[in-house]
Structure formats: structure tokens, C-alpha cells
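This report concerns only the one structure given below.
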Protein chains: 2
Amino acid sequence: MGTRRRGEELERAILHAAAEELRESGYPGLTMDRVAARAGTNKNAIYRRWPHRAALGIAAYRHLSDVAIPNPDTGTLRGDALEMLRQANETWSSPHGAVLRSLLSAAADDPALLDLMRARSGAETMDRAWLTMLDRAVARGEAPPTAVHPRVAATPMMLLRAEYAMRGIPSVPDEILIEIVDEVFLPLVRGRV
Amino acid sequence: MGTRRRGEELERAILHAAAEELRESGYPGLTMDRVAARAGTNKNAIYRRWPHRAALGIAAYRHLSDVAIPNPDTGTLRGDALEMLRQANETWSSPHGAVLRSLLSAAADDPALLDLMRARSGAETMDRAWLTMLDRAVARGEAPPTAVHPRVAATPMMLLRAEYAMRGIPSVPDEILIEIVDEVFLPLVRGRV
DNA sequence: CCTTATAGGGTACGTCCAGTACCCTATAGA
DNA sequence: TCTATAGGGTACTGGACGTACCCTATAAGG
């Protein structure tokens, strides 16, 4: 009474199960046995596809999410920056982001995992969005042309990430985002003569 | 043929052994069995003092290091900032720093551990050092008084930390430190009218 | 000086989990 | 219809955390 799943179908089932486990228990709670059980298969099928737990974790994460990079256009640099940070904050503090953070923290020990994460993190796309934001601000005369610089563009997101690393886990309060924009980002843009 | 160690003495021996293990193998390599063996005792003696591995890890880390916070006074804000970053970079990329990073990454999952780390990381002391640096710059007329702001003070170290999180593990190149100072920190100070 | 509570030491578990090994069987494709 | 391949079942090794038990050295008090 067949219907033994194979190939694509089974692979999707495993990834789905792994993604669920990730969402429920984070990366540390992602165990091969439980994924196998949940997918209604066994560890063989998993290890035939991914060499170890980390690889499965990443695959499951990317299966569960294609991170959308926002590109707000509010008419002011302050509005754009704040919107970017708020979106990012929302993403990172969602269950989704919890998975990502869990993976990232696990990656600190595992260089291979870190590389894979970086490739999938969309960091460059993010930086590009900030740069075009700055371009628009320059066009409006809101910022000097010298403000369009990759490191300037990357600074707010880096500060947000650092904030996450400091605090425990939950969402970063909005006041902090505003502070990053008003006390750091805007003065920085202004100061680049 | 006694000389069974007790109390203080035994505790120091355990911490010493744990610190050595940390240095050699990082936090993931810190196992209770090996610490016990290395200290010439057994796990009972350890668990009687620390409730779990994480607690021992932190205790061992602080036993092995009292982080000295530098306070350079080179005569210019740029020189001071660069020196601070260089010192920090050296600390973080040393075997010592590897231990710290290893603990931090493990702490991302464990709020209790994160708190203990934060308490011991000397972050406030570090921020104070940057603030007095800024004070001196204001006194010299190098920076506007409004530049003395906690978030401004914390920014360069946060950027350095983010850089560590991005890259794999090793030392951050000096060019990056210079860029953080010249392209972000100094313009930021300048821009705070 | 003797007695006793306490802390160390030895050791063996129970449990969980990664990763591997075998062996049997359904299924696709020739 | 036959056969190579991929799934499934299951058991096992090895490492690690944390616990339980029981024996013994030692410190402190009468």
C-alpha cells in the first residue's frame, strides 16, 4: 500500500518539518531525531541530503523565509531611515528573526555555517538600499554628496544589531531606533562635509 | 597520605583547570569531565559550587581575566579613538578574546548567562572612558559640547563588535579601525552642532 | 583526645543527541 | 519483468551533561 515518498517530495517534507522545529525550539532545539520523526521518515534520509545538522538548519531557514528588503520613500531622510530600522526591528524580533538570531549565534563557533549565513543574509542588498536612500537625500539637498559612503550606509543597521546582541532577545524599543537616527545617523550625515 | 584539598584551595584549582581548558578549546570544548580530570578531582566538587556548565564557564573566564580598560591621552580625539579601538581589537583577537566571544555566542541562547556576561564585560566602564575622551576633546575645542552623549560614545565599539560578528573570527584589519574613526566617529562628532 | 558532621573522591548511572552501520523493501526505469 | 537506487527500521557508538550513592579524609567541638 505504497506511497513511499521520494526525491523532491520527501525533501520538501523534511525541510518543512525542520522549519517547524526551528520556529518552535530554535536552532539548539533542532534535533535530527525529531525532524525525522516529524517528517515521518528517519535520519538516513536526512543525512543522505545534508552532511550535518548545521547544513540542515540553514536549508530549513532559507526554505522558511526569503527576506524581503524594504525600500521606503517617505520624502525625508529621517523618515526613510526610521522606517528601515523599524522594518528591520520587526523582522528581527519576529519568530522568524528569532530563528535567524539563533542560527547566527550558533554560527559564531562554526566558520562554515557563518559563511553560508552571510551568503544568505542579504547584507549587500541591505547596504544598497541604504545607499539609494542617501542618494535621494542628496538629490533633495538634504545631505552632502560625501555622505554617500558604504560605511555610513551600514552604520545604523550595525548599531541595531549590536543592540540586539547587548539586550537579551526581545524587540528593541522604538526610542532606541529614534535615538540611533537622531543622535547618530543624522548628525553623521550632516558632519560629512 | 592525606592532603585532600578543600574549600578555597580546591575551588582555585578547579577554576584554574577550567580557565586552561577555556583557553585551549574555547567554551564548546569546556567539558565538566575534562575540567574535573585536569583539576585532579571529580564532577561532584564542581557541581557543588556551580549549578551548570555555563556558570563554571563564566567563573573561569573572570578568574582568568580582569579586563583592563585603557584610557589613552594622545592629545587629539582621533589619536585617542584610534588607540581605544586598537586596544580593543587586540584584546578581542587574542586567545583571551576568543574565549570571551565563545562565551558570548553561547550566551545568546541563555538569558541568565547573558546577564552575567554583561555584568562582567565592563561595558559601562568602557563607555565612561569614551565619554571622558570626548570631554577632553571638548576642553581642547576639538568637539562641540553636544558631542558628549552616551550613544556617540558607544558607537565606535559597537561598530567594532558588529565587524567581529560579520567576519569570521580573526583580527579586524587596521584599515577598518581607521575607517570607523575617520568616516564615522569624527564626522559624527563634527556633525553634532 | 575522641566524635561527628561535612565536604571530597570514586564510580556508575540515566538521558540526550550526533552521526554511522546494516539490512530489508518499495519504486522507478530499462 | 528485472534490477539499481533510495526509503524505512532499528540498533549502536561515542561524547557530554547532570545525578545518585557510597566511602573516607578532615575540621571543628565537646
Side-chain angles (χ1 to χ4, degrees), chain A residues 1-18 20-22 24-61 102-103 105-107 109-113 116, chain B residues 1-18 20-22 24-61 102-103 105-110 112-113 116:
Chain A
M1 62 159 300
T3 322
R4 180 182 275 188
R5 293 162 303 175
R6 295 178 84 82
E8 276 290 308
E9 188 190 355
L10 180 57
E11 182 151 338
R12 269 200 311 276
I14 294 172
L15 282 177
H16 185 72
E20 294 283 300
E21 289 289 331
L22 264 188
E24 288 175 15
S25 328
Y27 183 71
L30 181 79
T31 79
M32 304 306 254
D33 289 280
R34 285 175 62 189
V35 171
R38 185 164 203 153
T41 180
N42 64 354
K43 291 196 285 180
N44 281 339
I46 302 179
Y47 279 105
R48 229 173 256 135
R49 291 173 170 77
W50 298 276
H52 44 240
R53 182 165 150 270
L56 175 62
I58 292 169
Y61 173 72
S102 184
L103 278 171
S105 97
D109 286 322
D110 186 339
L113 209 157
L116 290 172
Chain B
M1 59 164 299
T3 322
R4 179 183 277 188
R5 295 161 303 175
R6 296 176 84 80
E8 276 291 307
E9 187 189 357
L10 180 57
E11 183 152 338
R12 269 200 312 274
I14 294 173
L15 282 177
H16 185 71
E20 294 281 301
E21 290 290 329
L22 264 188
E24 287 173 18
S25 326
Y27 183 71
L30 180 81
T31 78
M32 304 306 255
D33 289 278
R34 286 176 62 189
V35 170
R38 184 164 203 154
T41 179
N42 63 358
K43 292 195 285 177
N44 280 339
I46 302 179
Y47 279 104
R48 230 174 256 133
R49 291 173 170 76
W50 298 276
H52 44 239
R53 181 164 151 270
L56 174 62
I58 291 170
Y61 174 73
S102 186
L103 278 172
S105 99
D109 286 321
D110 185 340
L113 209 158
L116 289 172

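Per chain, numbering begins at 1; letters A, B, ... match sequence-line order.
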inquiry  = For C:dG8 and B:T41 - does any side-chain N or O of the residue sit under 4.0 Å from the phosphate oxygens OP1/OP2?
reply    =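 Answer no for this pair, as no side-chain N or O of B:T41 is under 4.0 Å from OP1 or OP2.
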
inquiry  = If the cut-off is 4.0 Å, is A:R48 near the phosphate of C:dA21, judged by side-chain N/O to OP1 or OP2?
reply    =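 Answer no for this pair, as no side-chain N or O of A:R48 is under 4.0 Å from OP1 or OP2.
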
Atom [atom1] of [X] and atom [atom2] of [Y]: how far apart are they, to the nearest 0.5 Å?
X: B:Y27; Y: B:I58; atom1: OH; atom2: CD1; result: 7.5 Å
X: A:M32; Y: A:N44; atom1: CE; atom2: CG; result: 11.0 Å
X: A:D33; Y: A:I46; atom1: CG; atom2: CD1; result: 8.5 Å

If you compare all heavy atoms of [X] against all heavy atoms of [Y], which two are closest, and at what distance to 0.1 Å?
X: A:L30; Y: A:E21; result: CD1-CB, 3.7 Å
X: A:R34; Y: A:S25; result: NH2-OG, 3.8 Å
X: A:A39; Y: A:A13; result: CB-O, 3.9 Å

Option passing side-chain contact (heavy atoms from CB on, under 4.5 Å) with A:V35 (candidates A:I14, A:L22, A:T41, A:L15) =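 Testing each of A:I14, A:L22, A:T41, A:L15 against A:V35, the sole residue satisfying side-chain contact (heavy atoms from CB on, under 4.5 Å) is A:I14.
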
ask   = When you look at B:H16 and B:R12, which way does the side-chain contact (heavy atoms from CB on, under 4.5 Å) test go after all the steps?
value = CA-CA 6 Å; B:H16 185 71; B:R12 269 200 312 274; over 6 Å; no

Excluding sequence neighbours, so at least two apart, what forms salt bridge (Lys or Arg N to Asp or Glu O under 4.0 Å) with [X]?
X: B:E24; result: B:R38
X: B:E11; result: B:R49
X: A:R48; result: none

Figure out the [atom1]/[atom2] separation between [X] and [N], and round it to whole Å.
X: A:E9; N: C:dA26; atom1: CD; atom2: P; result: 17 Å
X: A:N42; N: C:dA26; atom1: CG; atom2: P; result: 15 Å
X: A:I46; N: C:dT20; atom1: CD1; atom2: P; result: 13 Å
X: A:E8; N: C:dA28; atom1: CD; atom2: P; result: 15 Å

request  = Using a 4.0 Å cut-off on protein heavy atoms (strictly under), produce a 5'-to-3' string for nucleotides 13-20 of chain D with B for base contact, S for backbone-only sugar-phosphate contact, and - for none.
outcome  = ---SBBBB

key: Relative orientation of the end axes in the helix from C:dC1-D:dG30 to C:dA30-D:dT1, expressed as an angle to the nearest 10° (five pairs per end)   =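 It comes to 0° between the two terminal axes.
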
Are there any protein N/O atoms within less than 3.5 Å of an N/O atom in nucleotides 27-29 of chain D, and if so, which ones and at what distance?
none

